[in-house]
Amino acid sequence: MTVRELTAAELTDAWQLGRLAFGSDPQPPPAATTPRAGLTRYGAFDDTGRLLGKAVDLHHDQWWNGRPVTAADVAGVAVAPEARGRGVARALLRTLLREAHDRGAAVSALFPTVSAPYRACGWEIAGTLRTVALPTAALPRQRPAAHLSVRAGTPADLAAVTDLYEQTARHRCGMLTRRGPLHDTDELPYDGLTLVEDNGRLVGYAGWNRGRGYDRRSVLTVDDVLATTADAARELVGVLASWHSVAPTLHLTLLPGDALATALPLESTREHDHDTWMHRPVDVTRAVRDRGWPPHARGSVTFTLDDPLADWNTGTWQLDIADGAADLRRTDTDADLHLNVRGFALLYSGAATATAVAQAGLLHHRADVAPHALDLLAAGGPAHLHDYF
């Protein structure tokens with residue numbers, strides 16, 4: 001088996017493979033079968049040149065406590081039915097990680113259709129992107145704030161929308177920067193864009209898709225809704241409430257703990273959909289060095305790390321964190337803590353404590369050694385993804 005970057009002539013075959021795997025529309029969109037900046041497509045071939053599988057490395061950046069970190073986010077992994085269970089996906093992901101490491105990537109995220117093969121390659125479940133259903137009539141309707149104005153957005157407003165998104169995302173962990181070739185567009189990605197402004201300054205927006213019909217089954221899907229002030233959040237909730245006569249249900253993708261969450265009757269929501277996402281380091285030294293860390297986090301810990309698919313991560317390491325920055329360097333010091341790469345992913349993304357990682361069998365230590373020192377790696381808090389890819 002040979003794994004390499006796909007040529008332009010092979011993109012249609014790769015799309016067809018993905019169409020069979022994911023049940024996509026029979027007609028490919030133009031972007032699927034033409035070369036595109038900001039991503040690398042890989043294919044696995046047998047010795048006759050037949051395409052066995054494919055995977056895509058999305059050249060994203062992720063925000064981690066105020067600093068952008070280069071990512072190799074994975075999408076579109078598909079293997080031909082006749083080749084499944086023969087190591088094709090593992091070979092694809094091994095090559096993808098190696099090439100991503102060579103181009104400077106530090107971390108990787110993906111949305112799995114099934115977690116087991118990705119766990120076998122070092123990714124671990126770190127969070128869930130949730131979409132809730134909410135009765136539109138349950139939304140509070142308040143008198144508009146006098147200092148705010150509401151208007152429809154246009155493509156000319158997209159740069160300001162990205163800037164506002166950055167205000168809410170940059171100090172969190174794991175969220176995409178939404179910068180770069182994959183996010184450059186001069187068209188609205190929604191049916192409608194509602195903007196809330198304070199003296200001409202954007203303070204909130206909602207991107208929504210109308211759907212069909214206007215009876216009790218009608219749904220307004222709000223893919224992206226964010227605000228930077230409490231007044232703007234209440235204003236957006238009021239605009240969404242105005243849809244109650246023709247769209248009795250809202251589907252909203254929420255960001256935990258943001259301004260919108262504090263203005264919505266969350267007790268009236270029910271789960272509509274959820275997409276589990278997974279994380280892993282591509283290069284542990286970059287992953288630690290390039291991100292921001294809380295200023296109060298301070299300390300050192302030595303541990304060994306085992307990463308069979310990315311052997312440049314395997315070894316004994318000393319982690320030092322102080323003053324909002326961190327360093328990870330190799331050491332000859334004996335270590336009492338032995339961490340699996342999946343355990344590293346859980347700690348780095350703030351999804352678990354060191355004790356929980358040890359209980360899951362992803363961190364080993366002697367009975368007389370407590371694992372708590374590795375909680376230092378989890379000091380950044382929980383990570384979130386707000387974009388499905």
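The figures that follow rest on heavy atoms only: side chains count, while hydrogens, waters and symmetry mates do not. Please read these numbers as outputs of a predicted model, since none were measured by experiment.
- In this structure, the side chain to side chain contact (heavy atoms under 4.5 Å, CB included) partners of A383, at least two apart in sequence or on a different chain, are W64, C173, W277, S349.
- Under the side chain to side chain contact (heavy atoms under 4.5 Å, CB included) criterion, D336 pairs with R366, V369, sequence neighbours left out.
- E5 has no carboxylate O lying under 4.0 Å from a charged side-chain N of R41, or vice versa, which leaves the two without a salt bridge.
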Show every donor-acceptor pair shorter than 3.5 Å between a side-chain atom in residues 21-38 and any protein atom, with sequence neighbours excluded, or say none if there are none.
{"unit_1": "D25", "atom_1": "OD1", "unit_2": "Q27", "atom_2": "N", "d": "2.8"}
{"unit_1": "T34", "atom_1": "OG1", "unit_2": "P30", "atom_2": "O", "d": "2.9"}

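- Enclosure of atom NE2 in H244 is not indicated, since only 12 or fewer non-hydrogen atoms of other residues, nucleotides or ligands lie within 6.0 angstrom.
- Looking only at atom types and distance, the side chain of H279 has no donor-acceptor partner in the side chain of S108 under 3.5 Å away.
- For L266, the side chain to side chain contact (heavy atoms under 4.5 Å, CB included) criterion is met by L254, A261, L264, T269, not counting sequence neighbours.
- Judged by a 6.0 Å distance limit and a 45° cone about the ring axis, R4 is positioned over the six-membered ring of F45.
- Between the side chains of D224 and Y205, at least one donor N or O lies within less than 3.5 Å of an accepting N or O.
- Side-chain contact annotation: N313 with D283, donor-acceptor N/O pair under 3.5 Å absent.
- Sorted by first and then second residue, the salt bridge (Lys or Arg N to Asp or Glu O under 4.0 Å) pairs involving residues 234-256 (not counting sequence neighbours) are D231-R234.
- With a 6.0 Å radius and a threshold of 12 heavy atoms from other residues, nucleotides or ligands, H274 has its NE2 atom at or below the threshold.
- A salt bridge does not link R130 with D273: every distance from a Lys NZ or Arg NE/NH1/NH2 to an Asp or Glu carboxylate oxygen is 4.0 Å or more.
- Seen from the ring of Y348, R291 counts as a face-on cation partner, given the 6.0 Å and 45° thresholds.
- The closest side-chain donor-acceptor pair between Q318 and D320 falls under 3.5 angstrom.
- H372 is linked by a side chain to side chain contact (heavy atoms under 4.5 Å, CB included) to T355, A370, D375, counting only residues two or more places apart in sequence or in another chain.
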